[in-house]
Amino acid sequence: PIVIAQAQGSQKIPLTIINNPKLVHRLCAVVMDVTIKPSPKYIQERLETSGIRSLNSVIDVTNYVMRTIGHPTHVFDYDRIANHTIIVQESKKGEQITTLDNKTYTLEGGDIIAVDGDKNIIDLLGVMGLKNTVVTNDTKRIIFFIDNNDTAKIRKTSMGLSIRTEAAVLNEKGVDPELAYDALCYGINLLEKIADGKIVSNITDMYPDKPKPTTVSVLQETINK
């Protein structure tokens, strides 16, 4: 188990998240102070051996957690999000986005997106981050963000836009929402270790509709056979 130190009293800074549980089944997030720098050599080597290019101490954590826990994760530059507000909603037909690799796309509508307090689209959830909130070398505070999404919508968006990221491929197949909080805790722990991370907000965990456990009865005789 990883013990997470909560932000204390006056240290807390605001973060407002409005989720749509029909689109995102579980959503976890926290704001952290960080230092952008190269990752330790062992992080770089493990990522690159698994086919992911090392970028910096923050982006590398998102990919390292995905490889280790199996749940995609994301980071926003906290200070680039208007009113420090994230609202999950569906896109409208004809809306345009520019992804972090500097490509522009026109949305068909019905895609899972996040907008900020000024209604700017800031993320194409579960598929790829956007240029307007990407972490840069000047980033001082991040939102570490885990979203467990509607699989059919992720598949439709990813195929329709021809954006076949590893996150999209995992998300369209249905990642276990029980992994989301584990991914958050593991990521916080890594950010503290390699990016001088410090929690400066409340921890958000929105999980309104937990899957009901399923019981399967099997005769011991059947197992023995």
Side-chain angles (χ1 to χ4, degrees), residues 1-6 17-30 40 42-53 60-75 88-90 110-114 123-129 144-194 199 202-225:
I2 298 173
V3 178
I4 301 302
Q6 296 275 353
I17 298 178
I18 301 173
N19 187 30
N20 182 331
K22 292 182 179 180
L23 303 177
V24 178
H25 306 311
R26 189 174 191 181
L27 192 158
C28 301
V30 66
Y42 79 95
I43 295 283
Q44 295 183 32
E45 289 179 346
R46 288 176 181 177
L47 283 177
E48 291 174 358
T49 298
S50 73
I52 298 176
R53 183 165 58 96
D60 286 358
V61 165
T62 65
N63 289 319
Y64 200 89
V65 172
M66 180 176 67
R67 278 283 186 263
T68 306
I69 303 293
H71 200 301
T73 71
H74 184 58
V75 284
V88 176
Q89 62 186 46
E90 288 184 320
D111 311 281
I112 307 175
I113 60 170
D123 193 32
L124 187 60
L125 267 66
V127 178
M128 184 180 277
F144 185 52
F145 191 88
I146 292 93
D147 45 307
N148 189 275
N149 307 286
D150 178 272
T151 57
K153 285 188 175 295
I154 295 297
R155 171 73 175 178
K156 182 179 179 182
T157 295
S158 175
M159 296 299 290
L161 298 177
S162 297
I163 304 177
R164 299 299 289 161
T165 59
E166 188 164 353
V169 171
L170 287 172
N171 284 321
E172 72 186 15
K173 291 174 175 61
V175 181
D176 184 356
E178 290 293 323
L179 294 176
Y181 195 78
D182 291 342
L184 182 82
C185 293
Y186 188 54
I188 289 172
N189 184 256
L190 280 175
L191 288 164
E192 289 173 338
K193 286 182 178 179
I194 75 170
I199 295 174
N202 289 322
I203 292 176
T204 297
D205 183 11
M206 297 178 176
Y207 197 10
D209 297 312
K210 295 184 179 181
K212 295 180 180 179
T214 299
T215 300
V216 179
S217 298
V218 182
L219 294 174
Q220 184 174 348
E221 180 183 355
T222 301
I223 295 174
N224 291 337
K225 286 182 180 179

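All values below come from the heavy atoms of this structure, side chains included, with hydrogens, waters and symmetry mates left out.
The distance from atom CD1 of I203 to atom SG of C185, rounded to the nearest 0.5 Å, is 6.5 Å. To the nearest 0.5 Å, atom CD1 of residue I154 and atom CG of residue D147 are 7.5 Å apart. Summarising the geometry, atom CZ belonging to F145 is positioned 5.0 Å from atom CG belonging to L125; distances are rounded to the nearest 0.5 Å. In this structure, the separation between CD1 on I194 and OH on Y42 is 6.5 Å, given to the nearest 0.5 Å. Distance check: I113 CD1 to L23 CG gives 9.5 Å after rounding to the nearest 0.5 Å. Distance OG1/T49 to CD/Q44: 11.0 Å, rounded to 0.5 Å.
Residues L170 and G70 share a closest heavy-atom pair of CD1-O, 4.3 Å. Closest non-hydrogen pair, L184 versus F144, comes out as O-CE2, 3.6 Å. The two atoms that bring P21 and D209 nearest to each other are CB-OD2, 4.5 Å, heavy atoms only.
Of the N and O atoms on the side chains of N148 and H71, at least one donor lies less than 3.5 Å from an acceptor on the other residue.
Of the possible donor and acceptor atoms, none in the side chain of R26 sits under 3.5 Å from a partner among the backbone N and O of A180.
Proximity of H25 to D150: side-chain heavy atoms (C-beta onward) are separated by under 4.5 Å at one or more points. By the 4.5 Å heavy-atom criterion applied to side chains, M66 and I52 are counted as neighbours. Between L124 and I163, some side-chain heavy-atom pair lies under the 4.5 Å cut-off. For the pair Y186 and L179, the minimum side-chain heavy-atom distance is 4.5 Å or more. You'll find the side chain of T62 stays beyond 4.5 Å of the side chain of H74, heavy atoms only. Side-chain contact between R164 and M159: present, with at least one pair of heavy atoms (C-beta onward) separated by less than 4.5 Å.
Atom NZ of K173 has more than 12 heavy atoms from other residues, nucleotides or ligands within 6.0 Å.
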### Task
Could you give me the CA-CA distance, side-chain angles and deciding distance for I146 and T73, then say whether side-chain contact (heavy atoms from CB on, under 4.5 Å) is met?
CA-CA 5 Å; I146 292 93; T73 71; 3.6 Å; yes

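In summary, of the residues considered (V61, V65, V75), a side-chain contact (heavy atoms from CB on, under 4.5 Å) with L191 occurs for V61 alone. Among D111, N149, N171, the one residue that satisfies the side chain to side chain donor-acceptor pair (under 3.5 Å) test with T157 is D111.
At a threshold of 4.0 Å, the pair K22-E90 does not count as salt-bridged, since none of the basic side-chain nitrogens sits closer than that to a carboxylate oxygen.
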